[in-house]
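Structure, as structure tokens:
Heavy-atom basis, side chains included; hydrogens, waters and symmetry copies ignored.
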Amino acid sequence: MAPRIAHLGPIELLTPRFDASLAFFVEVMGMEVEAQEGPSTYLRGWGDYQRWSLKLTAAATSGMAMLGLRATGADELGRLAQEIDAAGLGEGWHDGDLGRGDSFRFRDPDGHRFELYADCERYVPPPGREPALKSVPGRYVGRGCAVKRLDHVNLLAADVRPSRDFCVDVLGYRLYERIELDDGSEAGAWMSATIAAHELVYTRDAHGAHGRLHHAAFWVDTREECLRAADIWLDAGVQIEAAPSKHAIAQGFFLYGIEPGGNRVEVTTGGRLVYAPDEPCVVWTEAERAKGQAWGVQTVPSFHTYGTPPVDGDA
Ligand SMILES: [Fe+2]
């Protein structure tokens, strides 16, 4: 199948502690405020080519309100909308969000809300703030973790398989890696619209809940910046859930923590690139996953249970 989705993002996150969350993404993560509209602030990393990649919205609870997917073109967007409607998951056309053309909303089989679009405005730096290189969207921001862009999103699903099938069969995602438990069920699926080994991930919701977020990951170019991000989080009093290490799956280098609103956020780099068009899907077994991450570090228990919005007994 020819690519139908160009890439993932932007993402809209909800936070019950808006001011603290905004301060985290601006001061600690180093993102820039691009616009303000009602209860939402639009933010960008210095390497985001679009005007924004994160919409932070004040709400009663946490979690993901919407995940954007950019279609590869206007014709493809129209065909996707028809097929998603035929699958019974469409929610209709809307005026696009800030800087975007017409958008088609839908829910995945687990209930997460998505917005498909084709046209979007590119970021134009204000006069005097242009980067030296024409090939860079914005000037490097040497503040906090100075994250470059939104990289990938991991969603929780009560049942991974239907959402994985929908993404592969309808949206045209490639399935690069997955976890198959001893009982034959799927505990996780790592998919991508690009050669980056993971872009859109579904893992099993330990609470059997629907439509929850596991984490949103933001890119830095080097492992050293990821380690520095951990030092910055430490001084800023950010709750570090998992200190820097390397994932076995997709080989991404990570730092995980909880932003003030409760959402799990990752600073990431590395990860394998898949060049082969016929690359076989890597299937991880329960015994292999029990060995922990790439270098043997055991995954903290909360990583398998916590998501947003929180459910009862999941503080
Ligand atoms: Fe991740």
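Residues Asp159 and Asp110 share a closest heavy-atom pair of N-OD1, 4.2 Å. Of all non-hydrogen atoms in Asp108 and Tyr202, the two that sit nearest each other are OD2-OH, 2.7 Å. Closest of all the heavy-atom pairs between Arg204 and Ala158 is CG-O, 4.2 Å. Between Cys167 and Met191 the shortest heavy-atom distance is CB-SD, 3.7 Å. Across all non-hydrogen atoms, the minimal contact from Leu80 to Ala71 is CD1-CB, 4.2 Å. A pairwise comparison of heavy atoms in Val141 and Ala146 identifies O-CB, 2.9 Å as the closest pair.
Checked for salt-bridge contact, Lys148 and Glu225 miss the test: no charged N lies under 4.0 Å from a carboxylate O. A salt bridge links Glu115 with Arg100: at least one charged nitrogen is closer than 4.0 Å to a carboxylate oxygen. Taking a cutoff of 4.0 Å between a charged side-chain nitrogen and a carboxylate oxygen, Glu32 and Arg143 qualify as a salt bridge.
Scored by the salt bridge (Lys or Arg N to Asp or Glu O under 4.0 Å) test, Glu177 finds Arg272 as partners (sequence neighbours excluded). When the salt bridge (Lys or Arg N to Asp or Glu O under 4.0 Å) test is applied to Arg164, the partners found at least two apart in sequence or on another chain are Glu186. Checked against side-chain contact (heavy atoms from CB on, under 4.5 Å), Pro16 has the following partners two or more places apart in sequence or in another chain: Ser62. In this view, Arg139 satisfies the salt bridge (Lys or Arg N to Asp or Glu O under 4.0 Å) rule with no residue, not counting sequence neighbours. Here Glu37 pairs with nothing under the salt bridge (Lys or Arg N to Asp or Glu O under 4.0 Å) rule; sequence neighbours left out. The side-chain contact (heavy atoms from CB on, under 4.5 Å) search around Ala20 returns Arg17, Pro260, not counting sequence neighbours. A search for side-chain contact (heavy atoms from CB on, under 4.5 Å) contacts involving Ala290 returns nothing, not counting sequence neighbours. Evaluation of the side-chain contact (heavy atoms from CB on, under 4.5 Å) rule for Asp95 yields Asp102 as partners, not counting sequence neighbours.
Side-chain atoms of His112 come within 3.5 Å of backbone atoms of Arg212 as a donor-acceptor pair (strictly under, hydrogens ignored). Under the 3.5 Å distance criterion, the side-chain polar atoms of Thr203 are left unmatched by any main-chain donor or acceptor of Leu156. With hydrogens and angles disregarded, no donor-acceptor distance shorter than 3.5 Å links the side chain of Asp48 to the backbone of Gln50. Checking side-chain atoms of Asp151 against main-chain N and O of Phe218 turns up no donor-acceptor pair under 3.5 Å. At least one donor-acceptor pair closer than 3.5 Å links the side chain of Arg70 to the backbone N or O of Ala118. One N or O on the side chain of Glu199 and one on the backbone of Leu8 form a donor-acceptor pair closer than 3.5 Å. In this structure, the side chain of Thr72 engages the main chain of Pro3 through a donor-acceptor pair within 3.5 Å. Judged by distance alone, with hydrogens and angles left aside, the side-chain atoms of Thr61 form no donor-acceptor pair with the main-chain N or O of Pro309 at under 3.5 Å.
At a threshold of 4.5 Å between non-hydrogen side-chain atoms, the residues Lys246 and Val297 do not count as touching. Inter-residue side-chain proximity for His7 and Tyr49 is flagged as met; some heavy-atom pair is nearer than 4.5 Å. Residues Ile84 and Leu116 form a side-chain contact, since some pair of their non-hydrogen atoms from C-beta on lies under 4.5 Å apart. For the pair Val147 and Phe25, the minimum side-chain heavy-atom distance is 4.5 Å or more.
Through chains of ILVMFWY side-chain contacts below 4.5 Å, Trp52 is grouped with Tyr42, Leu98. Through direct or relayed side-chain contacts under 4.5 Å between Ile, Leu, Val, Met, Phe, Trp and Tyr, Tyr256 connects to Phe254, Val300, Phe303.
Distance check, rounded to the nearest 0.5 Å: CG of Leu273 to OG1 of Thr194 gives 8.0 Å.
In the model, Glu241 has a side-chain atom that pairs as donor or acceptor with a side-chain atom of Ser302 under 3.5 Å.
The aromatic ring centroids of Phe166 and Phe114 lie 6.0 Å or more from each other.
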**OP:** Using the side-chain hydrogen bond (donor to acceptor under 3.5 Å, both in side chains) rule, take Asp97 and Ser103 through it: C-alpha gap first, then chi angles, then the decisive distance, then the call.
**Re:** CA-CA 8 Å; Asp97 207 328; Ser103 303; over 6 Å; no
* Applying salt bridge (Lys or Arg N to Asp or Glu O under 4.0 Å), run through Arg79 and Glu76 and close with a yes or a no. => CA-CA 5 Å; Arg79 284 191 288 270; Glu76 199 62 65; 3.2 Å; yes
Using salt bridge (Lys or Arg N to Asp or Glu O under 4.0 Å), reason through Asp165 and Arg161 one step at a time and then give a plain yes or no. CA-CA 6 Å; Asp165 284 343; Arg161 191 58 195 264; 3.0 Å; yes
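At least one test fails for Arg264 against the ring of Tyr306: distance under 6.0 Å to the centre or angle within 45° of the axis.
For residues 138-161, every residue pair satisfying the ring pair (Phe, Tyr, Trp, His ring centres under 6.0 Å) rule, not counting sequence neighbours, is listed here: Trp46-Tyr140, His152-His198, His152-His215.
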Using a 3.5 Å cut-off and no angle test, enumerate the donor-acceptor pairs between side-chain atoms of residues 226-236 and protein atoms at least two apart in sequence or in another chain.
none

